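Let me begin by presenting the structure, written as structure tokens, before commenting on it.
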Protein chains: 2
Amino acid sequence: MKKPSIPKGTRDFSPVEVTRRNYIMDTIKGAFHNFGFQPIETPSFENSETLMGKYGEEGDRLIFKILNSGDYLRKVDDATYTEKDSGKLTPKISEKALRYDLTVPFARYVVQHQNDITFPFKRYQIQPVWRADRPQKGRFREFYQCDADVVGSTSLWQEVEFVQLYDTVFNKLKLDGVTIKMNNRKILSGIAEMIGAEDKLIDFTVALDKLDKIGEEKVKAEMLEKGISQDAIEKLKPLFSVSGNASEKLATLKTLLSVSTIGMEGISEMECIVNAIETLKLSAATLEIDVTLARGLNYYTGAIFEVAAPKNVAMGSIGGGGRYDDLTGIFGMKDMSGVGISFGLDRIYLVLEELDLFPKTVTANTRVLFINFGEKEALYAMQAISALRKEGIPAELYPDSTKMGKQMGYADKRDIPFVVLAGESEMSDGNYTLKNMKSGEQLKLDRAQLLSKLK
Amino acid sequence: MKKPSIPKGTRDFSPVEVTRRNYIMDTIKGAFHNFGFQPIETPSFENSETLMGKYGEEGDRLIFKILNSGDYLRKVDDATYTEKDSGKLTPKISEKALRYDLTVPFARYVVQHQNDITFPFKRYQIQPVWRADRPQKGRFREFYQCDADVVGSTSLWQEVEFVQLYDTVFNKLKLDGVTIKMNNRKILSGIAEMIGAEDKLIDFTVALDKLDKIGEEKVKAEMLEKGISQDAIEKLKPLFSVSGNASEKLATLKTLLSVSTIGMEGISEMECIVNAIETLKLSAATLEIDVTLARGLNYYTGAIFEVAAPKNVAMGSIGGGGRYDDLTGIFGMKDMSGVGISFGLDRIYLVLEELDLFPKTVTANTRVLFINFGEKEALYAMQAISALRKEGIPAELYPDSTKMGKQMGYADKRDIPFVVLAGESEMSDGNYTLKNMKSGEQLKLDRAQLLSKLK
């Protein structure tokens with residue numbers, strides 16, 4: 001019989017991994033809660049019509065479809081069936097599909113439950129999503145998303161809060177040196193105005209982003225090659241030397257985009273956010289204006305965020321988000337502006353691992369193992385174990401009264417820090433011998449002493 | 001555009017529901033951890049071959065299958081395709097399936113990772129499962145299972161621990177009056193021996209279970225009708241009057257099954273467990289011997305558990321489990337005895353709701369809303385909000401500086417207990433006006449006082 005396996009792109013999580021993942025998720029949840037966000041959960045699968053057509057053609061292909069139950073072919077007409085065309089057959093034999101992200105189900109939730117929701121609605125959601133992507137290093141077919149969004153208000157205070165929220169989470173995780181990059185779709189629109197065409201905007205920002213690596217001349221050459229006019233490049237030349245702190249960058253941008261109404265609007269929004277953050281201060285992160293940030297360009301309508309891991313770790317973005325003016329329009333509910341961010345759980349995990357930032361206390365481990373010397377001794381042990389557990393100290397009895405060596409080996413392999421030996425002599429004295437597995441130190445203690453020692 | 005909906009048998013969970021469900025799950029998790037169990041997680045979908053054939057024919061039908069990605073029909077040979085037979089087509093167009101329970105994936109996990117696991121392995125797992133069952137009241141197509149199992153040891157101390165674990169969880173949930181019913185497969189085998197045939201055993205226990213409701217005569221009539229001999233019924237007559245506490249029931253059973261080796265073995269196992277529990281004591285639950293308990297008869301080989309909700313609530317079992325001698329045999333790994341229990345999350349939820357046992361503190365709610373009086377005032381408010389959040393007090397700012405009535409209405413609808421008003425006059429005094437939304441009481445406080453008041 002061949003050893004069983006799991007589908008590619010999926011993962012089993014061992015006790016250590018689950019515990020560490022929960023540590024990150026609980027930290028994020030705690031911050032969400034602290035900022036007034038409320039949790040919701042949606043089903044793992046949605047009606048196909050809810051998901052299809054929402055993520056573009058490529059997205060449609062990457063959605064996992066669920067086969068209808070029972071004799072699903074009975075309802076398929078012969079004409080369609082004989083074509084043997086996967087694309088045409090799918091909607092006839094599959095009505096449900098696995099969640100692809102948390103945003104569309106959230107939009108669906110808001111529309112469906114609009115009469116029960118108090119707006120502005122601050123919700124968070126931490127659940128797995130599934131994508132039929134080609135699996136590769138760091139890209140999985142099942143992974144968690146951690147999203148927080150506010151819908152029903154256009155106030156910029158929310159952008160301010162999201163910057164603080166990122167800072168709070170990374171501060172709690174002791175992850176210093178994170179950069180929160182911020183841009184604004186309206187500034188990008190201003191730049192597009194200046195270079196003459198929105199469709200050149202991505203080429204422009206992609207080229208500009210390489211400035212540090214390849215230098216001004218090569219960037220200009222790339223822009224020319226992409227069909228951006230010499231004239232536009234001249235006009236936008238100050239963008240090549242935007243530098244300094246946020247206030248200085250804003251000053252440069254103001255001069256540059258002074259003729260663009262939309263551009264100036266974007267600058268003023270950014271200024272609001274930057275000023276508020278300057279007063280309120282950040283602890284672990286730095287807020288940085290980055291006009292080359294064009295993440296999700298077609299989706300976002302105001303602020304755009306992306307979080308970069310500390311510079312000493314080679315890792316892409318560990319979070320991102322932004323403002324979108326029409327979350328629920330796809331389901332027929334108009335004028336529902338929203339803004340949201342998400343945390344990249346898998347990458348944050350890798351960063352914390354690389355920097356050795358998981359606290360030693362983050363362990364699913366038992367604190368003390370009681371050696372099993374036989375029926376009567378085990379019962380004696382169990383009484384102490386019950387008392388320890390009542391005090392919140394994870395304790396266990398080795399289930400079988402086998403050789404000492406085997407039992408000690410179990411404690412050792414499982415990294416259990418303390419072992420209790422309680423044989424006949426301890427029983428008659430009402431004592432327990434506590435052994436520190438690391439130092440080897442042994443202490444004879446009564447039950448109360450044992451409790452206070454292990455607390 | 002029609003209002004979007006979710007597939008039948010699935011559920012959206014609102015903030016209150018998520019918070020209450022998490023309260024139950026966190027309580028269970030805490031107890032699992034306290035008892036030395038370690039968490040694992042497995043993928044939502046498994047290779048179909050891992051799941052198919054493990055739950056019987058009916059189970060196979062209820063497993064949700066995932067359609068292969070891309071042009072999945074290309075690989076289907078024409079001969080199979082033209083048959084248009086759902087059963088034959090499925091394995092050709094679907095290679096993955098959604099998890100049906102947590103037991104088979106656990107067995108797969110143990111076999112796959114056997115070299116990394118230290119046995120005995122105490123694991124818990126809390127994840128959703130999916131079944132294509134006909135949805136009905138209280139039965140869903142997506143629901144969570146909460147399982148704890150130990151594999152790799154035959155020690156009865158584990159059964160003792162599981163009884164304690166149930167008691168610990170229900171005690172923490174303040175759910176008194178729970179009954180942990182216990183039986184043993186070996187006792188049932190002894191009874192089967194006495195009535196002459198294992199295949200009559202279920203009829204026998206089903207009839208016996210009705211004793212309270214329909215009386216001895218009708219029970220006997222039903223047994224006769226089912227083909228159980230008059231002679232067998234006579235022999236087992238003492239079972240009709242098994243009563244008293246556990247020790248008394250054990251005494252009756254000992255007399256009754258004295259000729260059955262296997263039956264006596266079951267009684268001795270039960271006795272061990274009962275004696276240990278009598279010494280160790282339970283807090284919220286009662287352990288009860290119930291020889292009519294035949295749950296999962298074909299699966300369990302030793303102890304069988306089922307937990308009944310308090311008698312004043314009309315609810316079926318809220319948990320169950322037992323000992324199985326061969327968990328991993330289906331994947332080719334022999335001699336891996338295990339014992340496990342599970343908690344019925346959805347039913348426990350309903351019980352706690354009906355008995356009004358959710359603590360008032362179990363809420364995802366914000367503790368204090370700051371009214372937004374405009375740009376400068378909001379920044380002043382945000383400084384206090386940041387300080388409150390640092391102390392772990394969930395606080396939020398109303399995002400827009402709209403009419404007071406609307407902002408107060410938001411606090412009201414969301415049941416936020418406190419509101420802070422900080423306008424120009426408060427700002428110039430360095431104060432905040434705290435309003436208790438229930439009593440209407442207003443206090444003028446400085447920031448330190450505000451913090452200590454809201455703590």
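These figures come from a predicted structure and were not determined experimentally. Per chain, numbering begins at 1; letters A, B, ... match sequence-line order.
- Taking the six-membered ring where tryptophan is involved, the planes of B:Tyr81 and A:Tyr81 are essentially parallel, since the angle between them stays under 30° and well short of 60°.
- Proximity to chain B involves both the backbone and the side chain of A:Gln383, based on heavy atoms less than 4.5 angstrom apart.
- At a threshold of 4.0 Å, the pair A:Arg414-A:Glu396 counts as salt-bridged, since one of the basic side-chain nitrogens sits closer than that to a carboxylate oxygen.
- With contacts defined as side-chain heavy-atom distances shorter than 4.5 Å, the pair B:Asp12/A:Arg108 qualifies.
- The residue among A:Leu397, A:Thr50, A:Val160 with the most heavy atom pairs within less than 4.5 Å of chain B is A:Leu397.
- Between A:Lys84 and B:Asp78, at least one side-chain nitrogen of the basic residue sits less than 4.0 Å from a carboxylate oxygen of the acidic one, meeting the salt-bridge criterion.
- Annotation: maximal heavy-atom pairing with chain A below 4.5 Å, among B:Ile93, B:Asn22, B:Thr154, B:Leu62, occurs at B:Ile93.
- Aromatic ring pairs are classed by plane angle as parallel below 30°, tilted from 30° to 60° and perpendicular above 60°; the pair B:Phe121 and B:Tyr109 is parallel.
- Proximity to chain A is absent for every atom of B:Ser401, based on heavy atoms less than 4.5 angstrom apart.
- Contact annotation for A:Phe32: neither backbone nor side-chain heavy atoms come within less than 4.5 Å of a heavy atom of chain B.
- For the options B:Asn47, B:Thr19, B:Asp85, B:Ile66, heavy-atom pairs under 4.5 Å to chain A are most numerous at B:Asn47.
- Contact tally against chain A (heavy-atom pairs below 4.5 Å) for B:Lys122, B:Arg123, B:Arg141, B:Lys281: the top residue is B:Lys122.
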